[in-house]
**Student:** 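Submitted below is the structure of interest, expressed as structure tokens.
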Amino acid sequence: MRIELDRPRCEGHGLCEEAAPSLMHLDDEGELVIDRADVGESEAALAHAAVRVCPVAALRIA
Amino acid sequence: MWRRSRSLEGMTHPPTSDLDLFSDEVLTDPYPSYADLRALGPVVHLPANEVYALTRYDAIRAALGGWETFSSAHGVGFNPTVNEALMGTSLASDPPQHTALRAALTENLSPRALRGLKSQIDAKADALVADLVASGSFEAIDALARALPLEIVADLVGFTGEVRGRMLAWGKAANQVIGPLNQRTAESFPIAGELYQWCSTVSKADLAEGSIGRGIFEAEERGAIPPGAAGPIIHQYLAAGVENTVSAIGNIVALFASHPDQLALVRKDPSLVPAAFNEVLRFWAPINAWGRETTRDVEIEGVVIPAGARVAILFGSGNRDPLHYDDPDTFRVERNPVDHLSLGYGVHGCAGQGLARLEAHAVIDALARRVERLVVGTPTRIPHNVTRSVHALPVLEVVTA
């Protein structure tokens, strides 16, 4: 499974980072960095939680 | 969630209810009516309002995410005059037109842009709450829920002088006219018109130096946004940034006053502040109903909304859907409902939610540190077509921490 970011749509609300800090973070400029886009079975739930919580639907699972 | 129906044959019409979403009783206490509508189905036709209401969580979330089918391009209000007036704003457009308008609106409003403001807003909220607590009794809506967002939005956008005094009335009217053509809307159009007029003539020099508002005009000057786009953006900051935040902050005070056990949980574990705000938003949605228009026949769980129909999204009803939230009519801060519907979702998700969170978190944090219990009188409500808020809430006594 792969996490995909629609970069122009991301406004940096950071709720995904709270849901899945091991997979993504906001950098010092407030830009989202996906640390690990390819996610295994063990972290699938985290990835889905991060996608679900994005208030502007900028994340999706491909 | 839905699929294009090849033909309407064999498809059922949604159930019908004679409920009037905009009656005084429903506007001030919508939750019993919402439960009745949800029991009928995820879509209910309301002839009194000429709308199809979305009542359940899944249907609402899918509609908010599906702008191609549930379009904003014909307006998000419930009367043709307001829908025409909002044409060409990010509120009443869809991608691709919407994309650039949204970017201009959020460039200075996104959490990224607001990062530097947190400590300032925390300090303002804390000083305000400290003063009120020290005074021992106060009017919570005027002195806190209205005072804080007014000051923060006014300073941020750069409103000065007389305009600051008109912000509350303008914001209230701008939201009121989203409703159907009832008396509230009729009485509010002249006041909403004043705001509209002011925004169409306001210039860079009218806004404080270094403010976001002035920044919008500078963006227009350098061509980053189209000529004439700055005024409508200022309009949205004011129309959306005050009224709904006032509602949310008032709801924080009212809900913690009536649920001291929940305040105690936040006092014990301050990391619950964001969860508590999510639960306040879920439990009492600041916006009752918001509009969309279908671009095609849409099937939802076996019933069809016809193409070109006006849809009413009932955020608060979805937030109380027992199919999605366990024990939905109980206020529990530990629930942390991160996926509540009150701020919308997707391309039209609340553009000011970063600022709203900064303000609300600061208020909850200050209350939790300084207050053990608020003894309050009876809260009063005044029906409003769109925004549901506490109008007055006397705090009679503060039991301090």
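Residue numbers start from 1 in every chain, and the chains themselves are labelled A, B, ... in the order their sequence lines are given, proteins ahead of strands. Remember, it's a predicted structure, so these values are computed and weren't measured experimentally. Below, each value reflects all heavy atoms present in this structure, side chains not excepted, and no hydrogens, waters or symmetry copies.
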**Student:** Go through the structure and list residues passing salt bridge (charged side-chain N to carboxylate O under 4.0 Å, His left out) with A:Glu43, not counting sequence neighbours.
**Tutor:** A:Arg36

**Student:** What part of A:Asp6 gets closer than 4.5 Å to chain B, counting heavy atoms only: side chain, backbone, both or neither?
**Tutor:** neither

**Student:** Suppose we screen for salt bridge (charged side-chain N to carboxylate O under 4.0 Å, His left out). Which residues come up paired with B:Arg357, at least two apart in sequence or across chains?
**Tutor:** none

**Student:** Do you know which of B:Cys350, B:Ser110, B:Gly349, B:Pro111 has the most heavy-atom pairs under 4.5 Å to chain A?
**Tutor:** B:Pro111

**Student:** Among B:Thr89, B:Ile216, B:Asn108, B:Ile212, which residue satisfies the side chain to side chain contact (heavy atoms under 4.5 Å, CB included) criterion with B:Ile233?
**Tutor:** B:Ile216

**Student:** Are any of the side-chain nitrogens in B:Arg61 or B:Asp339 under 4.0 Å away from the carboxylate oxygens of its partner?
**Tutor:** no

**Student:** Whether the side chain of B:Asn319 engages the backbone of B:His340 through a donor-acceptor N/O pair (distance < 3.5 Å, no angle test) should be reported.
**Tutor:** no

**Student:** Under the rule for salt bridge (charged side-chain N to carboxylate O under 4.0 Å, His left out), what residues qualify as partners of A:Arg7, not counting sequence neighbours?
**Tutor:** A:Glu31

**Student:** Under 4.5 Å, counting heavy-atom pairs only, tell me which of A:Ala19, A:Pro55, A:Gly12, A:Ala49 racks up the most with chain B.
**Tutor:** A:Pro55

**Student:** Within the side chain of B:Thr106, is there an N or O that forms a donor-acceptor pair under 3.5 Å with the backbone of B:Ala351?
**Tutor:** no

**Student:** Non-hydrogen contacts under 4.5 angstrom with chain A: give the residues of residues 270-285 of chain B involved, or none if there are none.
**Tutor:** none

**Student:** So for A:Arg52, is it side chain, backbone, both, or neither that comes closer than 4.5 Å to the heavy atoms of chain B?
**Tutor:** both

**Student:** Would a distance-only check, ignoring hydrogens and angles, find a side-chain to backbone donor-acceptor pair under 3.5 Å from B:Arg115 to B:Arg112?
**Tutor:** yes

